[in-house]
2 protein chains.
Amino acid sequence: MASRNPRQTRERLLQTAFREIHAHGFQGMRVDEVLRRSGLQKGAFYHHFGSKTELGYAVLEEQIRPLLESVWLAPLAEIEDPVEEFPHLLDNLGERIPPAMREHGCPLNNLAQEMASQDEGFRQRIAQLFEAWVEGFEAMFERAKTGGYVRNNIDSWAVARFMIAALEGCIGIFKVEQSPEQWRACRTQIAVYLATLRPRDC
Amino acid sequence: MASRNPRQTRERLLQTAFREIHAHGFQGMRVDEVLRRSGLQKGAFYHHFGSKTELGYAVLEEQIRPLLESVWLAPLAEIEDPVEEFPHLLDNLGERIPPAMREHGCPLNNLAQEMASQDEGFRQRIAQLFEAWVEGFEAMFERAKTGGYVRNNIDSWAVARFMIAALEGCIGIFKVEQSPEQWRACRTQIAVYLATLRPRDC
DNA sequence: ATTCAAACAAACCGGTTGGTCTGTTTATGG
DNA sequence: CCATAAACAGACCAACCGGTTTGTTTGAAT
């Protein structure tokens, strides 16, 4: 047995819990199953986390937040022309994420839909993450404004919100019908929408 | 006590279960709580339904399907010009639905996100309902084509799918942040997208 | 080396949960 | 009026599940 390593134990619990929550939802996740899969015991769990709910919060902050950062915020920050580049980001999204994401969708949105109206603690933390995501989009559009890639009079905040909504909606629909056609349709229409942001449309 | 009325008993169970599922998700819904709220007993429940899962299926078919019909399919069928009329439909959506919908979002999408990857029976039935919804949108756009309200070369199927995705996404985001501003933003951007379907844009 | 708190292991617990079983009442057709 | 099955009532149950408790081991400071 590996010698004691609190940080690693905690991380192991978080990672396993993240997978279980992603696969079965927070309510469907069982503490015992997380323990079984991580090869740890109750003692370890309740030493690191006060309750199942606190574990859920920690998963949001320490697992989902970094994922949001690497999968979305970082790539968004490198985009100059959203109208042309963002659809490409969607095209190779499949390669930038683990296969579990295709089956179970967006971990953040899953938790949002399940827990937002159940637990205020979840709702606030989820709102915070969405806010960060919105800011990522907003920054991209503002940059695109100064670059002349989009009109100057667009409401970056509203557009950002809608982009996230459309994205989550598409991912959600994809969960029900995992057809490439489905995804292509959404990707294409998002591109159509983005094109409306171009200056002097007519 | 009202005399026996099997059909009414079943309906009472279905309605109560629908509310509980809508409020807490299918996994979060408790059979005992449905019984308590409906004032019935275990015997009645397991006489009408084989299991909790079968109840879930019945709620989909007998509660959510009619709701989809009245809230969306019927209004969509009366739209001639989607570009102008659909945004109005979104504006008075709040008045056409019970207040519980604002708090807990779309019952169909909730079940979709929670159960699609958990239970194949759910997934199929949900896919069927989405399909009916898509057909409603498709029919609307095809009608609009012949009416000259939208271009003839648009992919009605893809547009329909995207409309539903965007809608569900907006509703989902709204669940996390119940601000009117949030909803207005989505409504406006959907209108922007719809405008791209107009003939001779330029 | 000793001490002491952190980091666990593992048995244990009480309430919950979906589901069953047995018995009783009600409607209905003959 | 009677027979029969449908339509329940309500006690019961085993498994589950989050959480607690108690005891033990480990590592690091003194």
Side-chain angles (χ1 to χ4, degrees), chain A residues 1-60 62-63 111 114-115 118-122, chain B residues 1-60 62-63 111 114-115 118-122:
Chain A
M1 198 60 182
S3 79
R4 280 185 182 177
N5 189 337
R7 204 170 308 180
Q8 182 181 314
T9 297
R10 187 188 151 90
E11 183 66 18
R12 185 161 178 71
L13 284 169
L14 279 174
Q15 286 180 3
T16 312
F18 169 67
R19 282 193 219 105
E20 288 295 300
I21 290 175
H22 191 213
H24 305 115
F26 177 74
Q27 302 186 86
M29 178 268 278
R30 306 284 109 131
V31 175
D32 283 353
E33 182 64 15
V34 170
L35 262 23
R36 206 184 61 78
R37 288 194 187 256
S38 58
L40 294 165
Q41 298 292 335
K42 278 282 172 75
F45 184 93
Y46 283 95
H47 172 73
H48 287 282
F49 304 98
S51 66
K52 183 188 176 183
T53 301
E54 273 192 23
L55 170 71
Y57 295 166
V59 165
L60 262 173
E62 298 172 45
Q63 296 285 125
L111 269 179
E114 181 190 3
M115 299 305 297
Q118 302 291 319
D119 182 294
E120 179 62 14
F122 267 105
Chain B
M1 196 60 183
S3 77
R4 278 186 183 177
N5 188 337
R7 205 171 307 178
Q8 183 181 312
T9 297
R10 186 188 152 90
E11 184 66 17
R12 186 162 178 68
L13 285 169
L14 279 174
Q15 286 180 4
T16 312
F18 169 68
R19 281 192 221 106
E20 287 297 300
I21 291 175
H22 191 212
H24 305 114
F26 177 75
Q27 302 186 84
M29 178 268 279
R30 306 281 106 128
V31 175
D32 283 354
E33 182 64 15
V34 170
L35 263 22
R36 203 184 62 78
R37 288 194 187 257
S38 58
L40 294 166
Q41 298 291 336
K42 278 284 170 75
F45 185 94
Y46 283 96
H47 172 74
H48 287 283
F49 303 99
S51 67
K52 182 188 177 183
T53 302
E54 274 192 22
L55 170 71
Y57 295 166
V59 165
L60 263 173
E62 299 171 44
Q63 296 284 126
L111 270 179
E114 181 188 3
M115 299 304 296
Q118 301 291 318
D119 181 295
E120 179 62 14
F122 268 105

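Convention: sequence-line order gives letters A, B, ...; per-chain numbering from 1.
Proximity of B:Leu55 to B:His48: side-chain heavy atoms (C-beta onward) are nowhere separated by under 4.5 Å. In this structure, the side chains of B:Phe18 and B:Glu62 stay at 4.5 Å or more apart for every pair of heavy atoms.
Partners of B:Glu54 according to the side chain to side chain donor-acceptor pair (under 3.5 Å) rule, which considers only residues two or more places apart in sequence or in another chain, do not exist here. For A:Arg37, the salt bridge (Lys or Arg N to Asp or Glu O under 4.0 Å) criterion is met by A:Glu20, A:Glu33, not counting sequence neighbours. Not counting sequence neighbours, A:Gln118 has no partner by the side chain to side chain donor-acceptor pair (under 3.5 Å) test. For A:Arg19, the salt bridge (Lys or Arg N to Asp or Glu O under 4.0 Å) criterion is met by no residue, not counting sequence neighbours. With sequence neighbours left out, the salt bridge (Lys or Arg N to Asp or Glu O under 4.0 Å) criterion links B:Asp119 to no other residue. Partners of A:Arg12 according to the salt bridge (Lys or Arg N to Asp or Glu O under 4.0 Å) rule, which considers only residues two or more places apart in sequence or in another chain, do not exist here. Under the rule for a side chain to side chain donor-acceptor pair (under 3.5 Å), B:Gln63 has no partner lying at least two apart in sequence or in another chain.
Note on B:His47: every side-chain N or O is 4.0 Å or more away from OP1 and OP2 of D:dC8. The phosphate of D:dC8 has neither OP1 nor OP2 within less than 4.0 Å of any side-chain N or O from B:Gln41. An OP1 or OP2 oxygen of D:dA7 is reached within less than 4.0 angstrom by no side-chain nitrogen or oxygen of B:Thr9.
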Could you list all N or O pairs between the protein and nucleotides 12-17 of chain C that sit under 3.5 Å apart?
from	atom 1	to	atom 2	distance (Å)
C:dT17	OP1	B:Arg30	NH1	3.3

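Nucleotide C:dA6 holds its P atom 17 Å from the CG atom of A:Asn5, rounded to whole Å. In this entry the distance linking NE2 of A:His48 with P of C:dA7 reads 6 Å, nearest Å. A straight line from CD of B:Glu54 to C1' of C:dG18 spans 14 Å, rounded to a whole angstrom. Per the geometry, CZ belonging to A:Arg36 stands 18 Å off C1' belonging to C:dA9, to the nearest Å. To the nearest angstrom, C1' of C:dC8 lies 14 Å from CZ of A:Phe49. Here the P atom of nucleotide C:dG18 and the CD atom of B:Glu33 are 11 Å apart, to the nearest Å. If you measure from atom CZ of B:Phe45 to atom C1' of C:dC21, you get 17 Å, rounded to the nearest angstrom. Between the CD atom of B:Glu20 and the P atom of C:dG18 there is a distance of 11 Å, given to the nearest Å.
Mapping B:Arg7 and A:Ser51 onto DNA chain D via the closest heavy atom, the residue that lands nearer the 5' end is B:Arg7.
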Treat primed atoms plus P, OP1 and OP2 as sugar-phosphate and everything else as base, then score nucleotides 24-30 of chain C 5' to 3': B for base contact with protein heavy atoms under 4.0 Å, S for sugar-phosphate contact only, - for none.
-BSS---

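The listed nucleotides are C:dG18, D:dC8, D:dA9; the one nearest the side chain of B:Tyr46 is C:dG18.
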